[in-house]
Amino acid sequence: MSEKVNQPANIPEIFLKPYDPASHETDIYAMWENSGYFNPDNCIKDGVTDKEAETFSIVLPPPNVTGTLHMGHAAMLAVEDILVRYHRMNGKRTLWIPGTDSAAIATQSKVEKEIQKAEGKSRHDLGREELLKRVSAFAENSKDTILNQTRKMGSSLDWSRYAYTLDDKRYKAVMTAFKNMYDDGLIYRGDRIVNWDPKGQTTISDDEIVYEERKSTLYTFKYSPDFPISISTSRPETKVGDTAVAVHPDDVRYQKFIGQTFSCTFCDVPIEVTVIADKEVDPEFGTGALGVTPAHSKIDWDMADRHNITKRPQIINEYAKMTVSGRLSGLKVNDARTAVVAWLKEENLLEKEETIDQNVATAERTGGIIEPLPKLQWWIDVNKKFILKHSEIPGVSSGSETTLKELMVTTVENGGTDILPERFKRVYFNWITNLNDWCISRQIWFGHRIPVWYRNDEIYCGVTAPEGAGWEQDPDTLDTWFSSGLWSFSTLGWPEQTEDLKTYHPTALLETGYDILFFWVARMILMSTYHTGQIPFKTVYLHGLVRDEKNRKMSKSLGNTIDPLTMIEKFGADATRLSLVIGAAPGNDLPLSENKIKGYKNFANKIWNITRFILTHTADMDMSKDVSFSSRDQEILTNLKSAVIDVTSEIEKYNLYLAGEKAYHFIWHELADVILEESKDILTSDDATARASRQAVLMECLTTSLKMMHPFMPYVTETIWQELPKVKRKTDILMVAKWPK
RNA sequence: GACCGAUUAGCUCAGCUGGUAGAGCGCUACAUUGACAUUGUAGAGGCCACAAGUUCAAGUCUUGUAUCGGUCACCA
């Protein structure tokens, strides 16, 4: 071993210790943020980006304003930031817009609970105005938490364009959107069966329902001793609301009763039922006869519609309590069920009890059991034909007649929007096929209020309140996904025809979890195509769920959650990012363990030490001289180039997991293990030509590797970059250095 | 019930348009005061779920079977 290797060369002192992420990350982020280069306008102003360059834009899926960062967010931020940094380095006008979501129901109920606990007051005690004031203050106070945590991941978001779902600009967008759709007849008010959540005290959309399997009892009985037909039901308490009995038209057993009407008193309630024939009835199930309760079942409501049968009475209220008089009066539905069964037994009407498996509809957010109720609500008609005045959507021409459903299909079918991985396209089409009108009104207070005012029989819809006295605004708010659906363009200033909107819409990419494909992705496509005539994004990249190393879902109750902030502290943001990207093919769930993250911290240190080695041995290098490369050194440069090409093409294909792995592999197992090892002899030899050639090659490998790795591990690469001798790095900030070719 | 996906090394997975298997972690042995407290070299380990078919050739294409997972719908 020669002396030169051991000689402490004149290199920056920080390289003498292992890489310590915690002592650099905050400063590096501040340096980036102060440079202004998260904002593409500044990049253009400083000549970093050409003003005519192509654009690349992503809108951040806004996290809950009151939430904290979890691994799902971290994975999303990692993927998006990698793409944003890559395209920025490629000289594109690159914009990544941050924002937060009000998470209406969740936030309101959180604040309500706190007030209830601290002051013993309900929202009705406080009143609408006071509650909203409190909820807004809470949201405002807690937003910094999630935003600062977002910064910690190294996210190069343009904070000057921050958007909040309830801020003034978004408010205007939502109002305008509602008004436009209302004027086109796509939004209507309808008296229908809604999914009522008695726990959350609001309607919810079909997509917010989760079915839970439970054991239930199927009761078979007659309404009264002289009623000719037995019926089966698992909800006998609703039978006091029956207005018909439905049988299959071909069922010989009941032919003679079709069209007849019977009256009786059922559990103290007088009812009148007509026998109708409907093809929907399955003659094989139960007795083949079905008691029709229009006011408390969607199917029955539709059936009553078809046969012109009375749809009311409503016999259950918003608190899931019986509203009839008699023995059931005021009982909760479950108690009423027991009471009805007891009565049936008393009257000797119960013929059979069987245990069956049943899927019970519950509200996703509150867990409350859904009570179907008839209500006057606002809906979006997805099948109504209208003229789309302006269209840039592939496969749809301006001025053509279409429906929202068709727009959603065409956008994906004609390749306007691509979904990755491919298989989710089928899931998407499948969902649209089964899509019904979307209920958009909610009975909570925190959110965008429906811009409709009533006065006697008059209805007014407008962005602002109507002139004159006596107008009363609709008390309901909009489904949070209504405003979220506008997000790709409302964040860019719509309905104003802003420069941003012209420049950055359609966005390049939407990156989000596959669990909100329907909630959000589909709604964004609907809203964007309708309101702007443009697709919202060219590509949808669906990431999977982050799971633990045993492939279980992370949950607080299992105690297997890994906190990204703790990981960042321990191993650094770079290691955390890489662990969330490598091994994560789009759409696949990702197993994560602390050990994996630790492994990538070692990698960050490896890069650190590669730098130390190279700087040690290039201290005497003369950059101004031309060197003639040895044939091995030429080969190394070729290998370097092909690694760059590989990584580049995987990023372009959105295969970040492959790109990261290949970059990692080149740096560790090619540059460090092979090139550096063989350099030891060359660098300590007396052959000045060979030394000069290798020194130049090592420097080239280092700077190119730093660039190539920067999108994946921005902190360590930038930290090193800042320490490189100026003459060796050419650009001051690695973040805006040119991507190698 | 409908649709979709998975089944490859002990574990987690890659293997695009078909040419007799790869990575990371783990394991074993050796080396190492090393640019590296976070290292290197070498190695073991797979009839690629099963069966049939297409083909000169099949993890790779077709069909069927089994097991596991997911999404959607839902019958009173």
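Below, chains carry the letters A, B, ... as their sequence lines are ordered, and counting in each starts from 1.
One interatomic measurement links the two molecules: NZ of A:K298 to P of B:C74, which rounds to 8 Å at whole-angstrom precision. In this structure, the CG atom of A:L517 is 12 Å from the P atom of B:U71, given to the nearest Å. In this entry the distance linking CD1 of A:I299 with P of B:C74 reads 7 Å, nearest Å. Computed from coordinates, the A:F424 CZ to B:U71 C1' distance equals 8 Å when rounded to whole Å. Atom P of nucleotide B:C72 and atom CZ of A:F519 are separated by 8 Å, given to the nearest angstrom. Rounded to a whole Å, the CG atom of A:D282 is 7 Å from the C1' atom of B:C75. A:I356 has its CD1 atom 16 Å from the P atom of B:C74, to the nearest Å. Put simply, CG on A:D357 is 14 Å from C1' on B:G1, counting in whole angstrom units.
If you look at A:H248 and A:Y254, their ring centroids are not closer than 6.0 Å. Taking the six-membered ring wherever Trp is involved, the centroid distance between the rings of A:F571 and A:Y600 does not fall below 6.0 Å.
Phosphate proximity of B:A14 to A:N588: present, with a side-chain N or O under 4.0 Å from OP1 or OP2. Using a 4.0 Å cut-off, some side-chain N or O of A:R426 falls inside it from OP1 or OP2 of B:C4. In this structure, A:Y514 does not reach the B:C72 phosphate: none of its side-chain N or O atoms is under 4.0 Å from OP1 or OP2.
Taking atom C1' in both B:A73 and B:G19, the straight-line distance is 45 Å, to the nearest Å. Straight-line distance between the C1' atoms of B:C13 and B:A37: roughly 31 Å, to the nearest whole Å. As rounded to the nearest Å, B:C61 and B:A14 have P atoms that lie 14 Å from one another. Spacing of C1' atoms, B:U8 relative to B:A35, comes out at 38 Å, to the nearest Å. Separating the P atom of B:G64 from that of B:G69 is a span of 23 Å, rounded to the nearest Å. B:U17 and B:U62 have their P atoms separated by 10 Å, given to the nearest Å. On the P atoms, B:C48 is 10 Å away from B:U60, given to the nearest whole Å. Taking the P atoms as reference points, B:A58 lies 13 Å from B:A52, given to the whole Å.
Cation-pi geometry between A:R192 and A:W379 is met: under 6.0 angstrom from the ring centre, within 45 degrees of the axis.
Because its glycosidic torsion is more than 90° from 0, B:G18 is reported here as anti.
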Using a cutoff of under 3.5 Å, can you pull out all pairs of nitrogen or oxygen atoms linking the protein to nucleotides 37-45 of chain B, with atom names and distances?
from, atom 1, to, atom 2, distance (Å)
B:U38, O2, A:N602, OD1, 3.4
B:U38, O2, A:N605, ND2, 3.3
B:U39, O3', A:K606, NZ, 3.3
B:G40, OP1, A:W668, NE1, 2.4

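When heavy atoms are screened at a 4.0 angstrom cut-off, A:I231 is found touching no nucleic acid atom at all. Among the protein residues, A:S593 comes within range of no part of the nucleic acid, since none of its heavy atoms lies under 4.0 Å from any strand. Among the protein residues, A:V281 comes within range of the nucleic acid bases, having at least one heavy atom under 4.0 Å from a base atom. Contact annotation for A:Y657: backbone-only contact, meaning every heavy-atom pair under 4.0 Å involves sugar-phosphate atoms and none involves a base. Within the 4.0 angstrom heavy-atom criterion, no nucleotide atom of any strand lies near A:A604. Residue-level contact check: A:N359 touches the bases, meaning some heavy atom is under 4.0 Å from a base atom.
For the ring pair (Phe, Tyr, Trp, His ring centres under 6.0 Å) criterion with A:F518, the lone passing option out of A:W431, A:W438, A:Y428, A:W481 is A:W431.
A 6.0 Å sphere centred on CZ of A:R253 holds more than 12 heavy atoms belonging to other residues, nucleotides or ligands. Environment of NZ in A:K405: crowded, with over 12 heavy atoms of neighbouring residues, nucleotides or ligands closer than 6.0 Å.
Between A:K239 and A:E237 there is no salt bridge, since none of the side-chain N atoms of the basic residue sits less than 4.0 Å from a carboxylate O of the acidic one. Salt bridge A:K425/A:D418: present, at least one basic N to carboxylate O contact under 4.0 Å. With respect to A:K311 and A:D300, no salt bridge is recorded, no charged nitrogen being found less than 4.0 Å from a carboxylate O. Contact check on A:E280 versus A:R306 returns no salt bridge, with no Lys/Arg side-chain nitrogen under 4.0 Å from an Asp/Glu carboxylate oxygen. For the pair A:E723 and A:R612, the salt-bridge criterion is not met [side-chain N within less than 4.0 Å of a carboxylate O]. By the 4.0 Å N-to-carboxylate-O rule, A:R365 lies too far from A:D197 to be salt-bridged with it.
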Watson-Crick and G-U pairing of RNA chain B, under 3.5 Å, as dot-bracket with | and [ ]: (((((((..((((........)))).(((((.......))))).....(((((.......))))))))))))....
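With the nearest nucleotide of RNA chain B identified for both A:S297 and A:Y600, A:Y600 has the one nearer the 5' end.
Closest approach to the A:F613 side chain among B:A14, B:U12, B:A35 is made by B:A35 (side chain taken as heavy atoms from C-beta onward). In the set B:U71, B:A73, B:A35, B:A35 carries the atom at the smallest distance from any side-chain atom of A:K680.
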